[in-house]
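The block underneath contains the structure these notes are about, expressed in structure tokens.
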2 protein chains.
Amino acid sequence: MVTLAEVAKCAGVSSSTVSYVISGKRSISEATRRRVEQAISDLGYHPNAGARALAGKRSHIIALVVPLRTDVYVPIMMEIAIAVTVAARQYGYDVLLITNDEGPEGVRRVAASGLADGVILMDVELDDDRIPVLRTQGTHAALIGLPDDTSGLACVDHDFAAAGAMCADHLADLGHRDVAFIGYSPVVYQRHAGYAERTLTGFQDRAAERGLRILHRPCEGTYDSTAGAFARILADRPETTGFVVQNEGAIGPLLSLLRTTGRIVPEDASVVALCPESLAEQYSPRLTAVTGPAEELGRVAVDLVMRRIEDGTPAEVTLLTPVLTTRESTGPAPRTR
Amino acid sequence: MVTLAEVAKCAGVSSSTVSYVISGKRSISEATRRRVEQAISDLGYHPNAGARALAGKRSHIIALVVPLRTDVYVPIMMEIAIAVTVAARQYGYDVLLITNDEGPEGVRRVAASGLADGVILMDVELDDDRIPVLRTQGTHAALIGLPDDTSGLACVDHDFAAAGAMCADHLADLGHRDVAFIGYSPVVYQRHAGYAERTLTGFQDRAAERGLRILHRPCEGTYDSTAGAFARILADRPETTGFVVQNEGAIGPLLSLLRTTGRIVPEDASVVALCPESLAEQYSPRLTAVTGPAEELGRVAVDLVMRRIEDGTPAEVTLLTPVLTTRESTGPAPRTR
DNA sequence: TTGTAGGCGTTATCAA
DNA sequence: TTGATAACGCCTACAA
């Protein structure tokens with residue numbers, strides 16, 4: 001293994017000079033800098049991570065805590081995880097993957113051991129048991145998702161309320177009067193997952209303003225469950241012409257059901273999905289959808305932790321505005337039924 | 001921050017004793033062990049990761065290199081990543097997430113810096129440019145996926161050939177004679193992704209043995225692309241009664257198309273999917289499917305690296321046998337058409 | 001602009 | 001069974 005000292009000898013300088021060339025923390029004459037850099041690449045030197053962490057009091061690692069349970073759409077979690085990793089590299093940081101099966105203890109472990117300089121929590125619940133650990137340990141952290149009490153915490157999340165409202169607006173603008181909202185399974189709402197509630201509330205509030213008549217139906221995301229929800233919607237409010245779906249698993253079934261019951265999309269019924277673009281593009285017809293910027297979520301989370309690590313900037317809550325993309329699944333409400 | 005020395009003072013022993021209590025590398029009297037453990041928990045001591053790595057020449061971290069491109073079904077990647085993380089913890093190891101946007105250099109970096117003691121490569125291609133780095137650096141590694149030349153490498157993968165063969169057998173057993181295989185997009189085959197080729201070959205070989213007439217149609221996994229493939233299958237071989245799908249995106253569309261064209265599953269047509277259980281269960285009817293054990297893949301990969309790190313066990317190739325689960329989408333071939 | 005030297009917290013060797 | 005103590009490789013005041 002090549003060490004700083006060997007590079008120094010090779011370049012004919014002291015090891016501190018090599019260290020400073022690498023860190024850039026003091027000015028170096030052009031000549032020696034070049035000799036040092038030459039030596040570094042000649043010998044194939046890579047600074048030892050352990051030694052650096054020990055001496056520098058900074059591991060240059062952040063921990064990303066991912067949930068085991070996965071009712072949130074998995075590809076999005078992955079996209080966020082990758083965005084976090086890529087963004088962290090920009091800061092010279094690496095990302096340690098922590099699963100929640102260790103519970104809050106995992107967070108304590110990586111923070112207390114100095115393994116990680118900071119922590120990013122994914123899929124944060126309203127009353128998340130990892131948060132007390134952060135507070136007592138004074139761990140640098142950023143949360144993806146909004147807990148009950150955000151005081152002193154750096155958080156970033158989609159603006160789900162805005163997303164819900166955008167769906168209501170879009171359908172109202174198109175002249176729909178009766179709209180159904182097909183949501184997540186009841187357990188998601190019971191767990192008070194913030195995103196589900198906030199979307200629904202945003203939708204309901206805006207729907208009320210716009211004078212829409214709405215129906216909310218939870219759904220498991222399977223075909224059978226979707227069929228059940230669909231049947232009850234038609235039974236309760238046959239004049240429904242607009243559908244908002246927030247359950248990825250329910251999209252395919254819903255489109256099938258509309259087709260099977262002789263409803264053409266978008267002539268007879270309009271469908272707005274709350275889902276990633278990649279999904280929206282995959283169906284036929286391609287779906288008008290409200291999408292939150294997953295990649296940005298990860299990037300912002302990294303920015304937040306890094307700021308806390310590097311200069312202890314005070315915490316803040318950031319909500320990212322979703323985007324409604326009009327595709328082929330929505331159109332003007334049918335004139336008559 | 002609590003250090004070993006502080007624990008030692010608190011317990012009235014030397015710091016080396018504390019170290020040995022923790023590592024268990026030499027016998028300690030019951031009495032001192034208890035005092036030390038008491039001190040550890042009283043003070044809330046956590047060994048410093050950097051110091052441990054430096055002194056012990058082992059970071060207790062393995063790197064997991066995930067692809068950015070993601071034509072492999074993402075939830076499975078995530079399942080493997082989580083399985084790897086959980087399995088690594090059993091060995092007292094943590095997992096560092098590396099994306100492939102750094103290219104092979106990322107592997108070099110984490111290995112050369114001693115950041116990671118070993119590396120797990122996901123989604124290995126036949127001719128993977130990360131492999132030369134492993135070879136020249138002598139990095140401890142395990143590959144998920146089979147490269148061209150596996151010599152000296154520890155690899156684990158699904159037995160895709162067996163999976164393909166199982167599909168052929170199942171449909172042949174049910175009396176089907178004309179079977180179509182809906183695969184991945186042409187680019188996947190052009191890239192010579194091993195899994196796509198091996199599945200197809202396994203299917204074709206067994207189909208030949210069993211006297212099946214087969215048709216292979218690549219597919220992008222969108223509705224339109226699936227519709228195109230489906231139409232060509234019916235045009236070329238209208239008597240087709242069995243379908244094997246290896247493209248997750250094509251499953252939903254295929255079922256829709258069968259329904260739309262008046263074919264009842266499984267009375268008129270049988271469908272076997274090569275996909276994870278969670279997907280197979282989601283459709284209606286629930287799908288007979290051949291599934292590879294994703295979680296085991298991750299676990300075995302960890303076992304392989306750990307063995308190489310801890311006792312340099314020679315490399316080996318492990319193929320995991322998939323499982324065919326019969327559900328509601330396959331039945332006896334229709335007697336006549 | 002560059003060099004010297006002490007220390008970071010653990011591990012492991014050598015004694016006792 | 002336990003205790004000193006010398007590495008481990010890098011960072012960073014402090015000197016020059």
Side-chain angles (χ1 to χ4, degrees), chain A residues 1-37 39-40 43-61 92 109-117 310, chain B residues 1-37 39-40 43-61 92 94 109-117 309-310:
Chain A
M1 164 185 220
V2 187
T3 71
L4 208 59
E6 300 179 87
V7 175
K9 187 169 349 146
C10 170
V13 297
S14 78
S15 53
S16 66
T17 299
V18 178
S19 177
Y20 283 118
V21 166
I22 292 171
S23 70
K25 288 189 180 173
R26 80 179 181 194
S27 50
I28 303 283
S29 73
E30 190 49 36
T32 57
R33 144 167 299 119
R34 265 215 310 286
R35 264 184 307 142
V36 169
E37 278 163 356
I40 287 178
L43 302 181
Y45 169 74
H46 285 262
N48 179 276
R52 193 158 84 112
L54 179 57
K57 318 211 149 300
R58 199 131 285 180
S59 67
H60 297 269
I61 289 176
R109 188 174 59 79
V110 295
S113 66
L115 218 198
D117 299 333
E310 291 180 345
Chain B
M1 165 187 222
V2 187
T3 71
L4 208 60
E6 300 178 87
V7 174
K9 186 166 356 143
C10 171
V13 296
S14 78
S15 55
S16 61
T17 299
V18 178
S19 176
Y20 283 117
V21 167
I22 290 171
S23 70
K25 288 189 180 173
R26 78 180 181 194
S27 48
I28 303 282
S29 74
E30 191 49 37
T32 57
R33 146 167 297 119
R34 264 215 311 285
R35 261 184 308 140
V36 169
E37 277 163 355
I40 287 178
L43 302 181
Y45 168 74
H46 285 263
N48 178 275
R52 194 156 86 110
L54 179 56
K57 316 206 150 308
R58 199 131 287 181
S59 67
H60 297 270
I61 288 176
D94 276 291
R109 188 174 60 80
V110 295
S113 66
L115 218 199
D117 299 332
I309 291 174
E310 291 181 346

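Please read all numbers here as calculations on a predicted model, not as lab measurements. Every chain is numbered from 1 and lettered A, B, ... according to where its sequence line falls, protein lines coming before strand lines.
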Using a distance-only criterion (donor-acceptor N/O pair, under 3.5 Å, no hydrogens), is the base of C/dT1 paired with the side chain of A/R26?
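Under the 3.5 Å cut-off, the side chain and the base do not form any donor-acceptor pair.
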Length of the line joining [X]:[atom1] and [N]:[atom2], which is rounded to integer Å:
X     : N      : atom1 : atom2 : answer
A/E30 : C/dT2  : CD    : P     : 11 Å
A/I28 : D/dT12 : CD1   : P     : 13 Å
A/K25 : C/dT1  : NZ    : C1'   : 19 Å
B/L54 : C/dG9  : CG    : C1'   : 9 Å
A/L4  : C/dG3  : CG    : P     : 12 Å
A/R52 : D/dC8  : CZ    : C1'   : 17 Å
A/K57 : C/dT10 : NZ    : C1'   : 13 Å
A/H46 : D/dC10 : NE2   : C1'   : 16 Å

Closest-nucleotide 5' rank along DNA chain D - winner of A/N48 and B/G12
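The residue whose closest nucleotide sits nearer the 5' end is B/G12.
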Is there side-chain contact between B/R58 and B/I309, with at least one heavy-atom pair below 4.5 Å?
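Touching, per the 4.5 Å side-chain cut-off.
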For [N] and [X] - does any side-chain N or O of the residue sit under 4.0 Å from the phosphate oxygens OP1/OP2?
X     : N      : result
B/S29 : D/dT1  : no
A/Y20 : C/dT4  : no
A/S14 : C/dG3  : yes
A/T32 : C/dT2  : yes
A/S16 : D/dT12 : no
B/T17 : D/dT1  : no

Any donor-acceptor pair under 3.5 Å linking the side chain of A/S59 with the backbone of A/A53?
no
Can a donor-acceptor pair be found, under 3.5 Å and without considering hydrogens, that links the side chain of A/E6 to the backbone of A/T3?
yes
Comparing A/V13 with B/I22, nearest DNA chain C nucleotide closer to 5' gives the residue A/V13
Select one nucleotide: of D/dC10, C/dG9, D/dT12, the one nearest the side-chain heavy atoms of B/M1.
C/dG9
What's the closest nucleotide to the side chain of A/S27 if the choices are D/dC10, C/dT1, C/dT10?
C/dT1
Of all heavy-atom pairs between B/R26 and B/S16, which one has the smallest distance, and what is that distance?
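Nearest heavy atoms, B/R26 then B/S16: NH2-OG, 4.2 Å.
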List the steps and the verdict of side chain to side chain donor-acceptor pair (under 3.5 Å) for B/T17 and B/S14.
CA-CA 5 Å; B/T17 299; B/S14 78; 3.2 Å; yes
